[in-house]
Amino acid sequence: MEAEYNPHVIEKKWQERWLAEKTFATGRGGEKYYLLEMFPYPSGKIHMGHVRNYSIGDVVARYQRMLGRDVLHPMGWDAFGMPAENAAIAHGVHPAAWTHGNIDEMRVQLQRMGFSYDWDRELATCDSSYYRWEQLFFLQMLEKGLVYKKKSQVNWCAACQTVLANEQVENGCCWRCGEETESKDLEQWFFRITAYAEELLAGCEALKGKWPERVITMQKNWIGRSVGAEIEFSVVDRDFKIKVFTTRQDTLYGATFMSLAPDHPRARELAAGTGREAAVEAFIDKMRRQERSDRDLAQQEKEGVFTGSYCRNPVTGRKMPIYLANFVLSGYGTGAVMAVPAHDQRDFEFARMYDLPIIVVIQPEGCELVAAELTEAYTGDGVLVNSDRFDGVANRQALDLIAAYLEERGIGRKAVTYRLRDWGVSRQRYWGAPIPIVYCDRCGTVPVPEKDLPVTLPEDVILDGSGGSPLARTEAFVNTVCPRCGAPARRETDTMDTFVESSWYYMRYACANYDKGPLDRAAVDKWLPVDHYIGGIEHAILHLLYSRFFTRVLRDLGYIDFSEPFTRLLTQGMVIKDGAKMSKSKGNVVDPNALIERYGADTARMFSLFASPPELDLEWNDQGVEGAYRFLNRLWRMVFALLPALEKVEPFAGGMAEVPDKYAGLRRKTHQTIARVRSDIEERMHFNTAISAVMELVNELKNHDVESAAKDPVLAALLREAVETVILLLAPIVPHFCEELWSAFGYREGLSYVPVPEYDPDSLVEDTVLVVVQINGKVRERLTVPRDLEEEKVRELAFASHRVQKHTAGKTPRKVIVIPNKLVNIVV
RNA sequence: GCGAGGGUGGCGGAAUUGGCAGACGCACUAGACUUAGGAUCUAGCGGUUUUACCGUGGGGGUUCAAGUCCCCCCUCUCGCACCA
């Protein structure tokens, strides 16, 4: 062992050994444990978020190995996506070359961090050996009706020249580039995720306690299930009906008008021949032009236009004017809303603005609402009035009764609506997995036969940023023959959303090199689902929801037999510096490579784990890093100093009975530390407190020197036990450092598979305990007493204390509470 | 507006079941060693008017005892946001 801690030398040494010996390959026996961190986009450089995410994951992986598990811990690349194309446009590099170059750089950086991956399972989603199976899934989903194409209004990002799924639009802006999105009519491919809405929602229940509550809540809200009724309203003098969805069918008798989305398909028809055509047309046009920019303003003001047509309230027969209204969404429910101004705030505001009638149909307990005097809608509970046969019924009960009544009469029924929309997967970009479809003038839309997969992304395309899909301009790709009739045909030029790749990569890791199909059933059955998944909270909806959907699809396609991909989920917080998320524009970025250069990987790992618990944001602090580095140096020097005495003895292996009294404290601290660290890592995943506990033990060791140890073999044995404990407990956190110290003690085998130390329960028990004496809840005295001393004796000792007497002088205790081994509280 | 999660020294954070608030680390202060110190070691380190009192965003409550439980309020972060 060297006298100086030299991280660069030892880190290189151990990393090379781990790679050469394939230390982290699976198959060493033990119960399976699949630990996965979200794979990175190969930007070319790892950032602090990666360091943190992968350090957390690596601790768990290494710890599980030391618990005797057979750990699958793979790494790969989410390699399709826009930046590769942008780089091509900006620098003339081909996206494939750019991506593979970045992967090579990032792999080296990850290896320099000492993460314990099984590199033999590495995959990149841009390789046809990966995306070919995705194309197969697409075809099989098409067959099952889970893929379809439709013309729809889509979110279009002009900057990225592509469409975005609903989930990918944040506050009207592109989730990737931050530019405002607009809506556009395009033919798009969709995955029918709504077919699984109910199951995805129900599945949330099973995740409780294993996933963070807020992720579950976000998913539930996103799916957005509403229970209510569909009701049909016949239109006066027209031969069609308008269907609405409502959750408040109990207020049906108070519906006085109807509101439709401005882009409702019947809008123009309703205006035709009423003299309102021009006004309606103007309104539709205004709404269409009113893009997201001034949407916030528009949100405040209710606005609409009368179509000139009427419908009839199906239960009262009332003639209800039909309006178009700016607040009705075409994408939700039926795009039509029955307006009950007395009991819905939006309808109320609209009614006041356009002077429409208001009828109270629910009276709250204790006061009487009068329509003309309302200043806002009453949305609470109450008893029905003005509701014919339902008068006097509590509105909660009326929900069911009215739904049943409508159903009897054939004008409505109970219904469930979801906020979740189908997942649009078409992207007009080059660097993605081609959608395996051919368009033939004679046969129409024809799926590429499975035997012709993969549809390979052509290499020679022109990427000049001129807009539109580069694939569409690549004649050699587009022109093909129809697989059905052999006539000349054209290929689909859209590629798939890159979230499709990340929806199933975690399964492919189980059999990354399998080439007879997407998934090797035996391997997937063995390893999946992922036992513990770790990644950023920013994927709480998108990636995790898509993955949960995809897992169910693959289950129904017969590939797997589980439904939830990730048993446990840990979402780690962001890395912050100077109060803001690290970003180039803020200039507060810390480069992990510079950090490794200066302190080594172990220091970087240790600080990112020590500074805060994983789920909280981590405030980066250069001086804190320095502190971690100093700790490692201090520990190194201490071990180096003690080694000559410790290597002469075996670690202490006896029981507490053989430990001399003067060393009982040391022994106890060692085993208390084991107990604490084990529960911190195994149960709470709080590595910061685990590290603190080890630091305390190290501080305790400072009280002993090599001279005393050389003279007293029992002390030496106890110190060796303590030092080995420190090494083993820190091994998952600072692995290179610990390997080096471990080998200094003469162990030939690396410590990746050395069992986590067990604590001796006897060692945790102290013979004497500190009992706090309070007077009226304030601490006045601390007594050291034998453990489990009888209550009466403890009480006597407390009262015997002169400090206690001072505070109780002249007063009679009214009450004395004694908590064994802990506290006495005297109330005077 | 709705939902979720936070608010504890100068800073990051501990306090696992209601039982000594501030573990561990950073910063800071003093001392030692030293030609030197941004190295290392030792000691101190919530506040104040220091035999004591105050103190976990603010106010109230329950309790012998509250950072922890209950009610009200303030504030910050995140998500959703006219979802009928």
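The chains referred to below are lettered A, B, ... by the order of the sequence lines, with proteins before strands, and numbering in each begins at 1.
When the C1' atom is used for both B:C24 and B:A14, the distance is 7 Å, rounded to whole Å. As rounded to the nearest Å, B:U49 and B:G67 have C1' atoms that lie 27 Å from one another. B:G3 and B:C69 have their C1' atoms separated by 23 Å, with the value rounded to a whole Å. For the P atoms, the distance from B:C78 to B:A84 is 26 Å, rounded to whole Å. Taking atom C1' in both B:C20 and B:C33, the straight-line distance is 37 Å, to the nearest Å. Nucleotides B:G38 and B:G31, compared at atom P, are 14 Å apart to the nearest Å.
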Could you pull out the protein-nucleic contacts involving nucleotides 51-53 of chain B (nitrogen or oxygen on both sides, under 3.5 Å)?
unit_1: B:A52; atom_1: OP1; unit_2: A:Lys806; atom_2: NZ; d: 3.4
unit_1: B:C53; atom_1: OP1; unit_2: A:Arg780; atom_2: NH2; d: 3.2
unit_1: B:C53; atom_1: OP2; unit_2: A:Arg780; atom_2: NH1; d: 3.2

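Rounded to whole angstrom, the span from the CG atom of A:Asn221 across to the C1' atom of B:C2 amounts to 9 Å. As rounded to whole Å, 11 Å separates atom C1' of B:A81 from atom CH2 of A:Trp222. Atom pair A:Asn633:CG and B:C41:P shows a separation of 10 Å (rounding to whole Å applied). Rounded to whole Å, the distance from CD on A:Glu349 to C1' on B:A84 is 14 Å. In this entry the distance linking CD of A:Glu615 with P of B:G13 reads 11 Å, nearest Å. Between the P atom of B:A84 and the CD atom of A:Glu232 lies a distance of 20 Å, rounded to the nearest Å. At whole-Å resolution of the value, CG in A:Asp617 and C1' in B:U77 are 8 Å apart. If you measure from atom CG of A:Asn703 to atom C1' of B:U42, you get 13 Å, rounded to the nearest angstrom.
The ring pair (Phe, Tyr, Trp, His ring centres under 6.0 Å) check on A:Phe737 picks up A:Tyr5, A:Trp636, with sequence neighbours excluded. Partners of A:Asn221 according to the side chain to side chain donor-acceptor pair (under 3.5 Å) rule, which considers only residues two or more places apart in sequence or in another chain, do not exist here. Shown here are the ring pair (Phe, Tyr, Trp, His ring centres under 6.0 Å) partners of A:Tyr332, two or more places apart in sequence or in another chain: there are none.
Nearer to the 5' terminus of RNA chain B, by closest-nucleotide assignment, is the contact made by A:Arg637 (compared with the other of A:Tyr418 and A:Arg637).
Under a cut-off of 6.0 angstrom, the local environment of CD in A:Glu796 is crowded, with over 12 non-hydrogen atoms contributed by other residues, nucleotides or ligands.
The residue A:Pro613 sits close only to the backbone: its heavy atoms come under 4.0 Å of sugar-phosphate atoms, none of a base. At the heavy-atom level, A:Asp347 lies nowhere under 4.0 Å from the strands shown. Residue contacts for A:Val694: at a heavy-atom cut-off of 4.0 Å it reaches no nucleic acid atom on any strand shown.
When distances are taken from the side chain of A:Glu619 to each of B:C83, B:C64, B:G12, the shortest belongs to B:G12. Looking at the side chain of A:His686, the nearest of the listed nucleotides B:A14, B:C80, B:A84 is B:A14. Out of B:A84, B:A15, B:G12, the shortest distance to the side chain of A:Arg684 is found at B:A15. Side-chain atoms of A:Arg346 lie closest to B:A84 of the nucleotides B:G3, B:G12, B:A84.
Ring centroid separation for the pair A:Phe607 and A:Tyr599 does not come in under the 6.0 Å cut-off. Taking the six-membered ring for Trp and the full ring otherwise, the centers of A:Tyr323 and A:Tyr354 sit less than 6.0 Å from each other.
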For RNA chain B, the dot-bracket pattern of Watson-Crick and G-U pairs whose distances stay under 3.5 Å, | for other-strand partners: (((((((..(((......[....))).(((((.......))))).(((...)))..(((((..]....))))))))))))....

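A 4.5 Å side-chain heavy-atom check between A:Pro357 and A:Phe257 finds every atom pair outside the cut-off. At least one side-chain heavy atom of A:Phe233 sits under 4.5 Å from a side-chain heavy atom of A:Pro314. Put simply, the side chain of A:Ile681 does not reach to within 4.5 Å of the side chain of A:Leu729, judged on heavy atoms.
No salt bridge links A:Glu615 with A:Arg214; every basic N to acidic carboxylate O contact stays at or beyond 4.0 Å. A salt bridge links A:Asp381 with A:Arg396: the distance from a Lys NZ or Arg NE/NH1/NH2 to an Asp or Glu carboxylate oxygen falls below 4.0 Å. Electrostatic pairing of A:Arg803 and A:Glu781 counts as a salt bridge here, judged by a charged N lying under 4.0 Å from a carboxylate O.
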Per-nucleotide protein contact string for nucleotides 18-32 of chain B, where B marks a base within reach and S marks sugar-phosphate only (heavy atoms under 4.0 Å, - for neither): -BB--BBSSS-----

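Look at B:G61: its glycosidic torsion is beyond 90° from 0, and that puts it in the anti range.
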Could you go through A:Glu696 and A:Lys669, starting from their C-alpha distance and side-chain angles, then the distance that decides it, and tell me whether this counts as salt bridge (Lys or Arg N to Asp or Glu O under 4.0 Å)? CA-CA 8 Å; A:Glu696 282 186 51; A:Lys669 191 75 186 173; 2.9 Å; yes

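Within the structure, every side-chain polar atom (N or O) of A:Arg214 is placed at least 4.0 Å from both OP1 and OP2 of B:U77. Close to B:C83, at under 4.0 Å from its OP1 or OP2, lies no side-chain N or O of A:Arg225. Look at A:Thr217 and you won't find any side-chain N or O under 4.0 angstrom from OP1 or OP2 of B:G79.
Nearest heavy-atom pair, A:Val361 versus A:His343, reported as atom, atom and distance to 0.1 Å: N-NE2, 3.0 Å.
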